[in-house]
Amino acid sequence: MSSTELEKARNKALELRREIEEHNYHYHVLDQPLIDDEMFDQMMLELQQLEKEFPELQDPDSPTRRVGAKPLEAFDTLEHKVPMLGLDNAFSDQDLADFDARVRKLSELDIIEYHCELKIDGLAVSLQYEEGVFKRGSTRGDGYSGEDITANLRTIRQIPLQLPEALTLEVRGEVYINKKDFEKLNNERESEGLMTFANPRNAAAGSLRQLDPRLTAKRPLKLFLYGLGEHVLDLSTQSDLLDRLENLFLPVNPNRTICRGLDEVQSYCRRWQDKKGELPYEIDGVVVKANDLDLQKELGFTARSPRWAIAYKYPPEEKTTRVLDIQVNIGRTGAITPVALLEPVSLSGTTVRRASLHNEDLIAEKGIMIGDTVVVHKAGEIIPEVIRVIEDDRSGEEKEFKMPGHCPSCSAETVRLSGEAARRCLNPSCPAQLVEKLVHFASRRAMDIEGMGPAMAEMVYNSGLVRDVGDLYYLTAAQLSEMPRMAEKSAENLVRAIAKSKENPLRRLLFGLGIRFVGEKAARLLAERFGNLDRLRKVREEDLVKIEEIGPKIGEAVVQFFHTPETSPVLEKLREAGVNFKEPEVVSTSDLLAGKTFVFSGSLDRYTRDEAAAAVEEKGGRVSSSISRKTDYLVAGEDPGSKLEKAQQLGVNVIDENEFSELLLKNVK
Ligand code: IVH
């Protein structure tokens with residue numbers, strides 16, 4: 001190979017890396033991609049190929065190497081050259097006024113210019129760049145040294161691995177998870193039978209502290225940077241500092257402002273207190289900083305915190321209420337979850353009547369008793385949670401709660417398996433579990449049987465006609481209409497919905513069977529890989545784990561499921577009834593949509609975004625998040641926004657929901 005050839009490849013690789021960083025910034029930080037996913041993937045592919053062809057060009061700091069480090073045994077410790085201190089808190093207007101008075105007095109100024117920023121409720125991290133390359137990152141730890149979480153931080157797409165300038169500096173900020181992503185993560189965990197996170201902050205902290213960076217890479221972590229550690233930048237204000245970080249393609253929160261004097265600070269704080277619910281992430285207050293960096297230096301630090309800044313903390317939306325009772329729910333995997341029944345209380349916009357207490361350890365840790373007065377809030381502004389007991393309010397009448405030693409549904413002994421927080425009923429014929437299994441099987445993302453909700457599932461179970469999901473397919477309208485409050489028409493509709501579900505692809509059936517740890521994603525992978533259920537039934541664990549993303553836990557659970565004696569009769573009933581055991585080939589059923597790129601904008605009536613995307617992909621098309629000349633169709637729903645304009649400018653074919661539906665139908669073979 002000639003040296004000029006290598007030189008050319010090197011220049012191309014450098015250019016690609018720079019461009020990829022830039023597009024990462026536009027996509028992951030600004031949410032305004034400049035190119036579509038396909039073009040981005042193309043660039044990554046090109047870079048990967050260059051690095052493969054010219055091993056000299058391989059570089060651990062290349063964007064092709066974000067994920068891939070091996071699991072660690074433990075985290076190393078990293079020292080902070082400049083300590084990562086915390087902030088003093090202000091809880092009232094008066095506290096803010098006291099802070100302002102102190103700063104004015106110390107500086108001998110009449111009015112102070114402040115920089116106000118949102119206080120992101122996440123986890124503080126520090127990132128070290130050397131000559132523009134991301135080298136190390138750590139948690140705050142005790143303020144003087146933290147854990148080296150470099151491999152995990154590298155998986156966060158918002159963190160550039162290379163800066164556009166060869167600067168050596170340490171930047172600091174907060175890693176967080178969006179409220180919606182938190183909810184989705186918890187839903188996924190729940191469907192996989194895993195413990196859910198209490199709030200977005202815990203989810204972010206748990207994700208960053210994974211020893212296996214491949215797990216961290218799957219978590220929707222984001223970050224905002226708000227300050228510097230050691231650096232050589234020439235800056236005069238905090239506001240300039242953040243602008244400078246932004247110009248380095250580092251993620252900075254846009255909701256920041258310069259406030260002259262206390263009044264403006266107080267109104268900024270009030271404004272965001274009212275509007276914080278509209279933000280996609282959680283904030284727990286506002287950070288008020290003297291804007292002038294010389295003044296910051298002059299004011300300096302106390303042992304614990306800077307004198308030039310304060311955290312104005314919003315009162316968390318908390319209420320007190322009473323625990324009327326503690327009941328238990330039995331999940332489809334037999335996990336027994338204690339649930340507090342609360343005296344109804346209105347909290348962040350809804351009336352809260354129940355709160356999951358997760359498990360017996362948590363009840364013991366918080367010391368919750370029946371009859372207690374407790375403080376509740378909403379984790380992630382969504383999930384009601386008991387924070388603590390007000391012990392002073394106890395009358396002595398409170399009753400201790402004990403997890404039942406026998407399943408309240410089937411009386412089988414409950415057990416706590418080693419390494420698990422949950423107590424379980426292990427009886428495979430437990431009615432409560434069976435009802436939950438039916439509900440899961442029929443749920444929208446599984447077999448999507450309309451009309452088979454929790455009440456109906458319980459009714460068909462109690463009728464004695466249904467003992468497992470296989471029996472559903474033998475129900476007749478006549479049998480159903482004999483059930484209490486069941487109109488003939490509803491019975492017919494339900495039978496029709498059940499029959500329709502027979503045609504679902506294997507992935508939905510697999511997900512619906514409720515195999516432990518097999519969520520939607522694993523179900524799809526397995527269905528695509530094996531093509532039909534009978535092949536999957538025969539597979540050995542060692543072959544399963546060879547599939548990327550199928551770990552030993554899933555592998556073991558799948559094999560165990562198919563070897564459990566109760567499984568076969570259910571599968572045979574499904575087969576007899578004509579339930580589809582096959583996954584359609586990934587190659588489209590028709591190639592009308594093959595090679596066609598769709599972009600969706602605005603909301604559709606009949607499809608969720610996921611469903612619309614799945615329909616396109618099923619037919620060989622692909623979905624992109626941004627419009628480009630290569631887009632074939634923009635499907636414009638309600639309020640399509642700026643994408644519509646762009647599509648029109650570029651001459652992209654714009655279709656509405658009806659036309660989209662027709663296109664899909666035309667496409668059915
Ligand atoms: S400045 C020496 N700015 O709040 C000053 N902190 O309670 C360091 N935080 O440890 C902090 N958003 O984890 C600063 N815009 C922001 C922030 C912020 C969130 C966190 C950070 C800090 C804690 C202090």
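As the structure lists them, so they are numbered: ligands from 1, and atoms in each ligand from 1. Being a predicted model, the structure only gives us computed values, none of them experimental. Counting begins at 1 with the first residue of the sequence.
Counting heavy atoms under 4.0 Å from ligand 1, residue R172 does not touch it at all. Within the 4.0 Å heavy-atom criterion, the part of E117 lying near ligand 1 is the side chain and not the backbone. With a heavy-atom cut-off of 4.0 Å, L87 touches ligand 1 through backbone and side chain alike. Residue-level proximity to ligand 1 for M84 is absent, since no heavy atom of it falls below 4.0 angstrom. With a heavy-atom cut-off of 4.0 Å, P306 touches ligand 1 through its side chain alone. In L118, the part holding a heavy atom less than 4.0 Å from any atom of ligand 1 is the backbone.
Under the 3.5 Å distance criterion, the side-chain polar atoms of H115 are left unmatched by any main-chain donor or acceptor of R256. Panel note: side chain R66, backbone R154; a donor-acceptor pair is recorded below 3.5 Å. With D181 contributing its side chain and K184 its backbone, the two residues share no donor-acceptor pair below 3.5 Å. Side chain of N152 to main chain of Q210: a donor-acceptor pair is present (N/O by atom type, distance under 3.5 Å, no hydrogens or angles).
Looking from atom 23 (C) of ligand 1 to the surrounding protein, the closest heavy atom is K119 NZ, 3.8 Å. Protein heavy atom at the shortest distance from atom 13 (O) of ligand 1 is E174 OE1, 2.5 Å. I120 N, 3.2 Å is the protein heavy atom nearest to atom 12 (N) of ligand 1. Looking only at heavy atoms of the protein, atom 8 (C) of ligand 1 is closest to L85 O, 3.9 Å. With hydrogens left out, the protein atom closest to atom 10 (O) of ligand 1 is R140 NH1, 3.0 Å, a heavy atom. Residue, atom and distance of the protein heavy atom nearest to atom 3 (N) of ligand 1 are K289 NZ, 3.0 Å.
When side chains are defined from C-beta on, T302 counts as touching R307, because their heavy atoms get closer than 4.5 Å.
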> Given the rule in the side chain to side chain donor-acceptor pair (under 3.5 Å) test, do H231 and E170 qualify, once you have shown the distances and angles that lead to the verdict?
Replying inline: CA-CA 6 Å; H231 71 98; E170 188 190 334; over 6 Å; no

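Of the residues E15, E21, E22, the one that meets the salt bridge (charged side-chain N to carboxylate O under 4.0 Å, His left out) test with R18 is E22.
Within the set W308, Y226, F224, F301, the minimum heavy-atom distance to atom 16 (C) of ligand 1 is found for Y226.
You'll find the ring centres of Y281 and F224 inside the 6.0 Å limit.
Salt-bridge formation is detected for the pair D610/R445: a Lys NZ or Arg NE/NH1/NH2 atom is positioned less than 4.0 Å from an Asp or Glu carboxylate oxygen.
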